[in-house]
Engineer: 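Have a look at this one.
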Number of protein chains: 2
Amino acid sequence: MAKGRPREFDCEQALDKALEVFWRYGYEGASLPALTEAMGINRPSLYAAFGNKEALFKKVLDRYTAGPAAHLKCALSAPTAREAVERFLYGSADLLGDPTHPRGCMVVQGALSCGEGAESIKQDLTARRTAAENAMRMRFEQAILDGDLPKDTNPADLARYIATVSHGMSVLAAGAATRDELRHVVDMAMRAWPGR
Amino acid sequence: MAKGRPREFDCEQALDKALEVFWRYGYEGASLPALTEAMGINRPSLYAAFGNKEALFKKVLDRYTAGPAAHLKCALSAPTAREAVERFLYGSADLLGDPTHPRGCMVVQGALSCGEGAESIKQDLTARRTAAENAMRMRFEQAILDGDLPKDTNPADLARYIATVSHGMSVLAAGAATRDELRHVVDMAMRAWPGR
DNA sequence: GTTATTCTGTACCGATCGGTAAAATATATT
DNA sequence: AATATATTTTACCGATCGGTACAGAATAAC
């Protein structure tokens, strides 16, 4: 049984609101007043429930990769490597070009460059990007074994290329790129697919 | 004739030092103490010589595009569109992978996401990225007229794709991508070139 | 030398940053 | 009802943010 005064807000709803703020302004650009106002709670409640700004950001980041950005993991299970990449990139175009969220990918924009106080956040995001790249590389290694990709394909280079396109689309979306423009980018990018 | 006490520092050297700080930490992440210390001057001298932080950033940005990032304009004057893009992208790989500078492109990292106080800087950077994209598009339009690119090439899509690769390489470089890794990305990206 | 002008150095400004102490409030347990 | 526990609220903390007032110092013009 829970003792004490019950909290008056829903943690998951609050995290969703925090996600919106961090997504739009990045880690450093999201101020605590902006966060608490969006979450509808006051500061001590935030600290009691989520630790501090950094811990909140990481919780929000997990929520982001499991929610809006879940298409990456989904895509990797496609039957062929090419289909996996197409699902991932077109899914990214749809996500990044969707005007109902902040523009761009949170893992890219969160702290691409930052002051020294956010260095650990920056490294965390970098690690997540390379983890995604490695997941793609391993998918390609499997595809080579399956005969799904030419044997002379370099899986690391291919994964790095796909990651590059994905990250570049995020930067483009941070401007004003539309969903269709991003999809055309994917059309172009897929022309580089191995084995013509 | 110059009246009054002469300034004791070299403006251009100071701008180069400021460039290094802004390049590494971005607009918001670069604090005034970090700037003044790197520039070797104190705060009132900075404001007297350059206006304020925003004006200093824009001066530094011009210096960046005319200096380290000058390969873009140079590349556009190559004889063929393909050669122009190759020069630009391989030049970008060399620049972004050079460990003697901060990692990544200042026009991408400077303020990709930021607090509300840096919104105008963010928009300025976005405008510079689209300007570069438009310059490439116009180069491709000319190439189509020259018969240098297939007539069914969409110059806007191609330019957006090249911009995407370039921006994505900047994000990759913000991690720990090496020059060679970035060059392999360019190798892959060029496989998408029109007219196989 | 005197004056006008411009730069340098110190010290400071209000605003905002992330984070917290402490009292008031609301529940579960006894 | 009394107590223990946990959350809310208000008010505040020191640190840092970008920016500046002001006096001292160095030059050119007179």
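Below, chains carry the letters A, B, ... as their sequence lines are ordered, and counting in each starts from 1. Hydrogens, waters and symmetry mates are skipped; everything else that's a heavy atom, side chains included, is used. Worth saying up front: this structure is predicted, and the values here are computed from it rather than measured.
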Engineer: Specify whether A:F88 and A:H71 have parallel, tilted or perpendicular ring planes, treating 30° as the upper limit for parallel and 60° as the lower limit for perpendicular.
Structural biologist: parallel

Engineer: Please list, chain by chain and in numerical order, all residues satisfying side-chain contact (heavy atoms from CB on, under 4.5 Å) with A:R82, sequence neighbours excluded.
Structural biologist: A:T80, A:E86, A:M190, A:W193

Engineer: Using a 4.0 Å heavy-atom cut-off, write out nucleotides 17-25 of chain C from 5' to 3' as B (base contacted by protein), S (sugar-phosphate only) or - (no contact).
Structural biologist: SBBBB---B

Engineer: Taking only the side-chain nitrogens and oxygens of A:S45, find out if one of them lies under 4.0 Å from OP1 or OP2 of D:dT8.
Structural biologist: yes

Engineer: Roughly how many Å is it from CG in B:L46 to C1' in D:dT20, rounded to a whole number?
Structural biologist: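 Those two atoms, CG and C1', are 13 Å apart.
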
Engineer: A:E116 CD to D:dA15 C1': how many Å, rounded?
Structural biologist: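 The distance from CD of A:E116 to C1' of D:dA15 comes to 15 Å, rounded to the nearest Å.
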
Engineer: Who passes side-chain contact (heavy atoms from CB on, under 4.5 Å) against B:L61, sequence neighbours left out?
Structural biologist: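 Applying side-chain contact (heavy atoms from CB on, under 4.5 Å) to B:L61 gives B:F57, B:M106, B:V107, B:D124, B:L125, B:R128.
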
Engineer: Is it the case that the side chains of B:T100 and B:D98 hold a donor-acceptor pair, with the cut-off being a distance below 3.5 Å and no angle test?
Structural biologist: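 The answer is yes; a qualifying pair exists.
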
Engineer: Only pairs at least two apart or in different chains count here, so list each side chain to side chain donor-acceptor pair (under 3.5 Å) that has a residue in residues 26-42 of chain A.
Structural biologist: A:N42-A:S45

Engineer: Looking at C:dG9, I'd like to know if its phosphate oxygens (OP1 or OP2) sit under 4.0 Å from a side-chain N or O belonging to B:N42.
Structural biologist: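 Checking B:N42 against C:dG9: at least one side-chain N or O falls below 4.0 Å of OP1 or OP2.
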
Engineer: Set out, in order, the CA-CA distance, both residues' side-chain angles and the distance that settles side-chain contact (heavy atoms from CB on, under 4.5 Å) for B:V60 and B:V21, then state yes or no.
Structural biologist: CA-CA 10 Å; B:V60 163; B:V21 175; over 6 Å; no

Engineer: In residues 6-25 of chain A, which residues come under 4.0 Å of DNA chain D by heavy atom?
Structural biologist: A:P6, A:R7, A:E8, A:F9

Engineer: Any idea how B:H101 and B:W23 line up, ring-wise: parallel (<30°), tilted (30 to 60°), or perpendicular (>60°)?
Structural biologist: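 Geometry flag for B:W23 against B:H101: parallel rings.
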
Engineer: Test: side chain to side chain donor-acceptor pair (under 3.5 Å). Region: residues 104-116 of chain B. Which pairs qualify, not counting sequence neighbours?
Structural biologist: A:Y25-B:E116, B:Q109-B:S170

